[in-house]
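I have placed the structure first, in the form of structure tokens, so that the comments after it can refer back to it.
So you know, we letter chains A, B, ... as the sequences are listed, proteins then strands, and number each from 1.
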2 protein chains.
Amino acid sequence: MNDPAALIRVRANPRKRDAEATRAAILAAAKTQFALLGYDCTALRDIAREAGADVALVKRYFGGKEALFLEALKASFGSDGLRDWDRANFAHEMATMLADSPHADEARTHRFQFLLRAATSPTTAPLLNLLIQDRFLGPIRDWLGGADAEARARVFAASYIGFLVERLIRGEALLGREREVFINRVAAIFATLMSERDAPI
Amino acid sequence: MNDPAALIRVRANPRKRDAEATRAAILAAAKTQFALLGYDCTALRDIAREAGADVALVKRYFGGKEALFLEALKASFGSDGLRDWDRANFAHEMATMLADSPHADEARTHRFQFLLRAATSPTTAPLLNLLIQDRFLGPIRDWLGGADAEARARVFAASYIGFLVERLIRGEALLGREREVFINRVAAIFATLMSERDAPI
DNA sequence: GAGTCAAGTCAATGCTCGTTGACATGAGCG
DNA sequence: CGCTCATGTCAACGAGCATTGACTTGACTC
């Protein structure tokens with residue numbers, strides 16, 4: 001963003017006339033910008049410049065700002081993949097990741113930022129209810145399984161969101177004993193939620 | 001917002017010329033609008049209309065949009081008051097509140113929305129780091145006390161944020177067994193974090 | 001009641017934005 | 001080569017925004 005090198009690269013090395021490549025470049029730039037600035041603060045002109053294309057092409061290829069946003073949103077959520085996690089180590093690995101810097105986990109941070117910005121913008125928030133239900137709460141519920149999966153999934157999702165927000169605000173990795181304690185406590189929360197047994201009080 | 005009755009009321013019952021009252025009305029309207037729409041989507045014109053005042057008065061009394069925002073932000077955070085909670089029942093009461101509808105807890109929801117919107121807007125996010133540290137993480141750390149209060153406060157704050165976000169997205173109260181399970185699980189998380197003993201795994 | 005100054009109003013300015021349609025260009029085909 | 005049409009460029013429009021300074025109005029003092 002505002003990267004003069006990028007501009008020079010674009011100018012010096014223009015794409016051959018290729019509609020598909022241009023469309024893809026615009027979509028990629030849109031994913032970045034929307035995640036970084038949110039819907040309302042992102043200008044189509046910036047996306048176009050970032051993609052080395054003209055604003056008019058955004059309209060031609062996507063129809064408009066809102067349509068571009070929706071496509072970028074859907075493209076950013078190709079099933080997060082709780083499936084792939086090893087259940088035995090999940091709680092500890094997840095807690096460790098949450099203790100580390102968000103920069104160490106670019107892809108996830110990026111997607112989460114996109115979702116968070118979209119959920120807190122009054123313009124785009126209404127578009128999100130279904131998506132969150134379908135691609136977030138639903139998969140977590142199925143992955144947890146067992147008794148009261150719905151309620152446990154809610155607590156799980158809420159905790160997860162909170163930890164991600166905290167990591168985003170914190171901006172850097174935790175260190176030393178604070179890191180250890182953080183990881184233990186967070187892992188304990190996830191582990192308890194994965195268990196069907198009701199929580200001990 | 002967009003309340004014709006309010007407009008009529010304002011027109012029919014104009015304030016007597018009173019700088020202080022006008023200033024207060026603008027500030028109150030700003031708190032509402034910024035919480036509802038976030039900094040970027042809020043127009044000074046709307047704030048002024050809501051307050052029954054003219055846009056130019058915003059500049060006269062506050063200096064500009066950003067200054068007004070900062071004043072509204074500070075005015076919205078007069079020490080949340082963890083102090084006042086009864087420690088014995090805290091976890092369960094807090095969990096119950098989080099299971100209920102956000103509309104049942106107007107004031108807190110309102111303030112939290114303000115903070116969340118402010119934290120996710122690229123314009124205002126930089127202004128928040130210090131405020132969050134001072135008025136959120138700090139008080140929680142002091143309230144928790146004991147060993148590793150810093151790390152526990154982080155987990156506590158993150159969980160709390162997550163539950164508030166979840167409640168905000170959910171929009172309505174939980175019912176029946178789902179509500180019971182939710183409350184138990186959430187209360188268990190808070191209770192564990194309040195305890196100095198390291199979490200059981 | 002005339003004068004004064006704070007309080008409130010108004011219109012204009014300059015900016016950014018999404019959108020749009022007219023125009024230029026180049027690659028591929030006959 | 002010359003035609004053609006997809007591809008890319010450009011300038012302009014209209015709306016909405018914060019800001020600004022000149023203007024009007026009303027309450028209070030003498």
Side-chain angles (χ1 to χ4, degrees), chain A residues 1-2 7 9-30 33-34 36-72 117 121-124 127, chain B residues 1-2 7 9-30 33-34 36-72 117 121-124 127:
Chain A
M1 187 180 41
N2 265 347
L7 193 59
R9 177 177 47 73
V10 166
R11 284 277 162 82
N13 194 16
R15 251 188 316 280
K16 289 295 165 60
R17 293 190 159 219
D18 182 341
E20 207 142 329
T22 302
R23 221 192 100 101
I26 292 174
L27 191 59
Q33 294 290 316
F34 283 139
L36 236 47
L37 302 177
Y39 182 82
D40 304 297
C41 292
T42 296
L44 288 189
R45 283 172 168 79
D46 293 339
I47 292 178
R49 181 160 26 81
E50 186 81 9
D54 190 274
V55 205
L57 294 180
V58 175
K59 180 204 156 78
R60 181 173 298 169
Y61 291 139
F62 295 91
K65 188 180 185 181
E66 193 166 315
L68 172 62
F69 175 82
L70 283 175
E71 194 150 335
R117 293 259 148 78
S121 154
T123 319
T124 55
L127 309 169
Chain B
M1 182 183 43
N2 266 347
L7 192 58
R9 179 178 45 73
V10 166
R11 286 279 163 80
N13 194 16
R15 250 188 316 281
K16 288 297 168 57
R17 293 191 159 218
D18 182 341
E20 206 143 328
T22 303
R23 218 191 104 100
I26 291 174
L27 191 60
Q33 294 289 316
F34 283 140
L36 237 45
L37 301 177
Y39 182 83
D40 305 296
C41 291
T42 297
L44 287 189
R45 284 172 168 76
D46 293 339
I47 292 177
R49 181 159 26 82
E50 186 79 10
D54 190 273
V55 204
L57 293 180
V58 175
K59 181 205 154 79
R60 182 174 296 169
Y61 292 139
F62 295 90
K65 189 179 185 179
E66 193 166 316
L68 173 61
F69 175 82
L70 282 176
E71 194 149 336
R117 292 258 150 79
S121 155
T123 320
T124 54
L127 309 169

Hey, does A:L57 reach any base, or is it just sugar-phosphate, or nothing, if we go heavy atoms under 4.0 Å?
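Counting heavy atoms under 4.0 Å across all strands, the contact made by A:L57 includes a base.
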May I ask you to say what B:A56 touches in the nucleic acid, namely base, sugar-phosphate or nothing, with a heavy-atom cut-off under 4.0 Å?
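Answer is base: heavy atoms of B:A56 come under 4.0 Å of a base.
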[X] side-chain proximity, nearest of [options]:
X: A:K65; options: D:dG21, D:dG8, C:dT19; value: C:dT19
X: A:L44; options: C:dG18, D:dT20, D:dT7; value: C:dG18
X: B:T22; options: D:dG8, C:dC10, C:dG8; value: C:dG8
X: B:Y61; options: D:dC10, C:dT9, C:dA7; value: C:dA7

Return the value, rounded to whole Å, for the distance between atom [atom1] of [X] and atom [atom2] of [N].
X: A:E20; N: D:dG8; atom1: CD; atom2: P; value: 11 Å
X: A:I26; N: D:dT9; atom1: CD1; atom2: C1'; value: 13 Å
X: B:D54; N: D:dC23; atom1: CG; atom2: C1'; value: 12 Å
X: A:F62; N: C:dT19; atom1: CZ; atom2: P; value: 13 Å
X: B:D46; N: D:dA18; atom1: CG; atom2: C1'; value: 13 Å
X: A:I47; N: C:dG18; atom1: CD1; atom2: C1'; value: 12 Å

When you match A:V55 and A:R60 each to their closest nucleotide on DNA chain C, which lands nearer the 5' end?
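Residue closer to the 5' terminus by nearest nucleotide: A:V55.
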When you measure only distances, ignoring hydrogens and angles, does the side chain of B:R17 come within 3.5 Å of the base of D:dT25 through a donor and an acceptor?
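Side chain to base: pair present.
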Quick check: any donor-acceptor pair below 3.5 Å linking the side-chain of B:R45 to the base of D:dG16?
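Side chain to base: no pair below 3.5 Å.
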Is the phosphate of D:dT19, meaning OP1 or OP2, less than 4.0 Å from a side-chain N or O of B:K59?
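So the side chain of B:K59 is outside the cut-off, no N or O lying under 4.0 Å from OP1 or OP2 of D:dT19.
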When you measure from the centre of the six-membered ring of B:F34, is the NZ or CZ of B:R117 closer than 6.0 Å and no more than 45° off the axis?
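Checked: cation-pi criterion not met.
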Spacing of [atom1] belonging to [X] relative to [atom2] belonging to [Y], to within rounding of 0.5 Å:
X: B:Y61; Y: B:L27; atom1: OH; atom2: CG; value: 13.5 Å
X: B:E66; Y: B:L68; atom1: CD; atom2: CG; value: 11.0 Å
X: A:R23; Y: A:I26; atom1: CZ; atom2: CD1; value: 8.5 Å

Test item: A:K65 side-chain N/O and A:V58 main-chain N/O as donor-acceptor pair under 3.5 Å
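Not a single qualifying donor-acceptor pair exists.
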